[in-house]
Amino acid sequence: CDVHQRLFMFLVNTHPSFCYNVISEKPKLPENYTNETWQKLKEAVEAIQNSTSIKYNLEELYQAVENLCSHKISAKLYKQLRVVCEDHVKAQIDQFREYPFPYSVLFLKKIDKCWQDHCRQMIMIRSIFLFLDRTYVLQNSMLPSIWDMGLELFRFYIISDLKVQSKTIDGILLLIERERSGEAVDRSLLRSLLSMLSDLQIYQDSFEQRFLEETNRLYAAEGQRLMQEREVPEYLHHVNKRLEEEADRVITYLDQSTQKHLIATVEKQLLGEHLTAILQKGLNNLLDENRIQDLSLLYQLFSRVKGGVQVLLQHWVEYIKAFGSTIVINPEKDKTMVQELLDFKDKVDLIIDVCFMRNEKFVNGMKEAFETFINKRPNKPAELIAKYVDSKLRAGNKEATDEELEKMLDKIMIIFRFIYGKDVFEAFYKKDLAKRLLVGKSASVDAEKSMLSKLKHECGAAFTSKLEGMFKDMELSKDIMVQFKQHMQCQNIPGNIELTVNILTMGYWPTYVPMEVHLPPEMVRLQEIFKTFYLGKHSGRKLQWQSTLGHCVLKAEFKEGRKELQVSLFQTLVLLMFNEGEEFSLEDIKLATGIEDGELRRTLQSLACGKARVLTKIPKSKDVEDGDKFSCNDDFKHKLFRIKINQIQMKETVEEQASTTERVFQDRQYQIDAAIVRIMKMRKTLSHNLLVSEVYNQLKFPVKPADLKKRIESLIDRDYMERDKDNPNQYNYVA
């Protein structure tokens, strides 16, 4: 270097008119440097492969690779490195080909160790040849990186060998099969081997396809076998356990890409193939026994399978229809029908909320099913619901608080909503409401009005107008009685009977058959006074006294002392006779009171044969017969001061029921006639089918086609409409 510098200075000084450019050349590598360096590198690679110590410093080896690459020996170096790696991998194959035991865990461990060693070696080799990897290899897109080259060699020479691959995959599948049958297996070994297959990019082709086929085969057989052997709840828990196990396998050792196909296979074979069989075998039992947890699991599992929820929905609807029909159809269950319907509704609501995740389809299916079965028996459910409400709203019902009563009425309204013949309910409800109001038996005016409000909201003002009219009558009657008492005081009218009158508007209340009886003169006088008073205020009105609805409080003297008897008007007329005499025969009483024979016998039965026997009958028996004689029971005793003596009811009311039903039928005839005339008046001309269709749309109760045809014929006979002369299937309106 000094010689060059001095020479340069000399030239510059002696020849100032010339300028020289000095070009520095890259120093040449010493002779044999490439071969010697490669030998060092080769020794280092072989030491790594044989797990022996490396003689040279790693930094020195890295620098050597950089030097060779800088002198354009990269291509040769890459080829030489590949050959060394290839020779080493080739040498590994024989130990696996000649391995004596198929499907051995030891074989799998040996493969795994070979793979782990290979990975460790390739990481170290790449760290030495990092400069080559980041320059030459990176610039040549066709060449695999050193790591990828290692994978390629391992895949080509070891795993792609048919014998080795077959033993490896068979071994892995056998381990998984053992685990599925309950044995403990080395999961870390499985994770490592399957990760190897993924890294070598042969997971899908060599393993996954076969694994899914084996899974399909296993669960197809298991599903068939267990469906025969196990009850549905047990089977469902097994399916859930299997799904959890397979999901855990994906997390623990399978590739994530397998999850979708694996879970779908299990679902198909354990659930999808057996949907109908599971429901036919066990759904009814689960629902009958209210197995909430099992039903929740059933819904969750069926939700996983295409079409599962739809099949469950169909069976759910059929179950409700079948179970509900057993409640409604059987006349023996009439006494408990409404309570059973309410309990059943509560039960299915709970199942929908808790088990079926409030799925709207199940709610709608339940409503449709209730509507179907409850109307299989026309009119009776409507009648019984009205009677059930009556039993709850009647005084003396101490079963419920106001809040519970309100909740019960809300539930009743839900059942009521499903009924087609709401007019039947109205007729019976009106009859019972009248009794509650007239006898003062209503448990709570608030509850009565709340029920009325619910009915109005559900069916409209027209439905409740008569019921509301009944309440108005009762309120007006109170005001009239206040005025009447003031009138009596002003007129200074003598008498020891206190008269209370309820004025009932005929159109609002049920129809009562008037019965003429012989009242005591004092009662008749009071009636006349009231009549004069009332008609003086409301001229043009007509009063008709309803003796069947009257009731009285009588003061009676017995040996034990004074008592007050709360009795009906008919019972009053009978008891008052014993002020005039000691003993009377049935015939005497009938003549004196004018009470109808059947009504009189029931009245006497209540006074002489019931719990509170204020009369004595000769001869003693349960029934009142011709010739029986009655006398006052002076020895009558009772712990209460005021005693209510109930009238013996007719076995309700075969006649009463029949007359109520008959009234509903008559009302329906009028409604059908009115609907037909309304439609014909608007349309003028209409075919039979269109007329029938429009009538059905307007009516709120079911009508048989034959009954509708009769009403049309009746209107033709009465000249409201006529058949078309040219087309007998068409009608014309007659103005």
Side-chain angles (χ1 to χ4, degrees), residues 371-372 374-383 386 418-431 434 455 459-467 469-470 504-515 540-542 544 546 653-735:
E371 201 170 303
T372 302
I374 213 165
N375 291 296
K376 276 188 175 178
R377 189 176 172 198
N379 304 338
K380 197 66 183 177
E383 176 194 330
F418 300 129
I419 291 168
Y420 291 152
K422 291 182 172 61
D423 51 349
V424 174
F425 171 89
E426 186 206 7
F428 282 95
Y429 185 80
K430 184 162 81 170
K431 178 173 67 70
L455 289 169
C459 305
F463 186 85
T464 56
S465 61
K466 290 181 182 178
L467 304 175
M470 291 162 73
L504 315 181
T505 308
M506 192 168 273
Y508 295 158
W509 295 77
T511 307
Y512 300 106
V513 179
M515 189 185 292
R541 294 190 181 179
K542 184 185 174 187
Q544 183 183 57
Q546 291 288 352
T653 61
V654 178
E655 292 165 29
E656 211 176 335
Q657 271 180 351
S659 69
T660 306
T661 309
E662 180 59 32
R663 278 200 306 278
V664 172
F665 180 73
Q666 286 299 333
D667 286 345
R668 285 184 177 181
Q669 306 297 303
Y670 302 141
Q671 287 181 57
I672 295 167
D673 288 357
I676 294 170
V677 171
R678 243 189 339 265
I679 293 163
M680 289 306 301
K681 190 174 183 179
M682 190 171 64
R683 294 301 193 88
K684 306 300 182 198
T685 298
L686 210 56
S687 71
H688 177 79
N689 290 344
L690 281 174
L691 175 60
V692 168
S693 172
E694 290 210 24
V695 170
Y696 277 132
N697 289 338
Q698 286 198 16
L699 296 177
K700 293 178 181 175
F701 49 84
V703 186
K704 292 176 184 173
D707 291 340
L708 204 52
K709 202 172 177 186
K710 281 179 190 172
R711 298 320 305 156
I712 292 170
E713 295 295 342
S714 169
L715 289 169
I716 290 171
D717 291 342
R718 287 180 281 156
D719 293 331
Y720 282 96
M721 54 197 280
E722 62 183 10
R723 286 188 196 280
D724 193 272
K725 290 171 185 174
D726 301 324
N727 182 0
N729 207 26
Q730 191 157 299
Y731 305 113
N732 299 322
Y733 177 66
V734 177

Nearest heavy atoms of [X] and [Y], plus distance in Å:
X	Y	value
F463	E426	O-OE2, 3.3 Å
P381	R377	CD-O, 3.0 Å
R723	I716	CG-CD1, 4.1 Å
L691	L686	CA-CD2, 3.7 Å
A382	G421	CB-O, 3.7 Å
I712	M721	CG2-CE, 3.9 Å

State the [atom1]-[atom2] distance between [X] and [Y], to the nearest 0.5 angstrom.
X	Y	atom1	atom2	result
L690	N729	CG	CG	10.0 Å
R678	E694	CZ	CD	11.0 Å
L504	Q546	CG	CD	7.5 Å
N727	H688	CG	NE2	12.0 Å
D423	F428	CG	CZ	11.0 Å
K431	Y512	NZ	OH	9.0 Å

- Close side-chain approach of M470 and W509, heavy atoms under 4.5 Å: yes
- Item | Sub-4.5 Å side-chain heavy-atom contact between R711 and V695 | no
By ring pair (Phe, Tyr, Trp, His ring centres under 6.0 Å), F425 pairs with (sequence neighbours left out) F416, Y429
Check K380 with E383, please: is the shortest side-chain N to carboxylate O separation under 4.0 Å?
yes
Would you find more than 12 non-hydrogen atoms of other residues, nucleotides or ligands less than 6.0 Å from K681 atom NZ? no
Q) Is M682 atom CE crowded by more than 12 heavy atoms from other residues, nucleotides or ligands, each under 6.0 Å away? A) yes
Sorted by chain and number, sequence neighbours left out, side chain to side chain contact (heavy atoms under 4.5 Å, CB included) with K466 holds for K430, Y508
Exercise. Would you say D724's side chain and Q730's backbone share a donor-acceptor pair under 3.5 angstrom?
Worked result: no
Requested in this report: May I ask you to decide if F418's main-chain N or O and N375's side chain share a donor-acceptor pair within less than 3.5 Å?
Outcome: yes
Could you go through Y720 and M680, starting from their C-alpha distance and side-chain angles, then the distance that decides it, and tell me whether this counts as side-chain contact (heavy atoms from CB on, under 4.5 Å)? CA-CA 9 Å; Y720 282 96; M680 289 306 301; over 6 Å; no
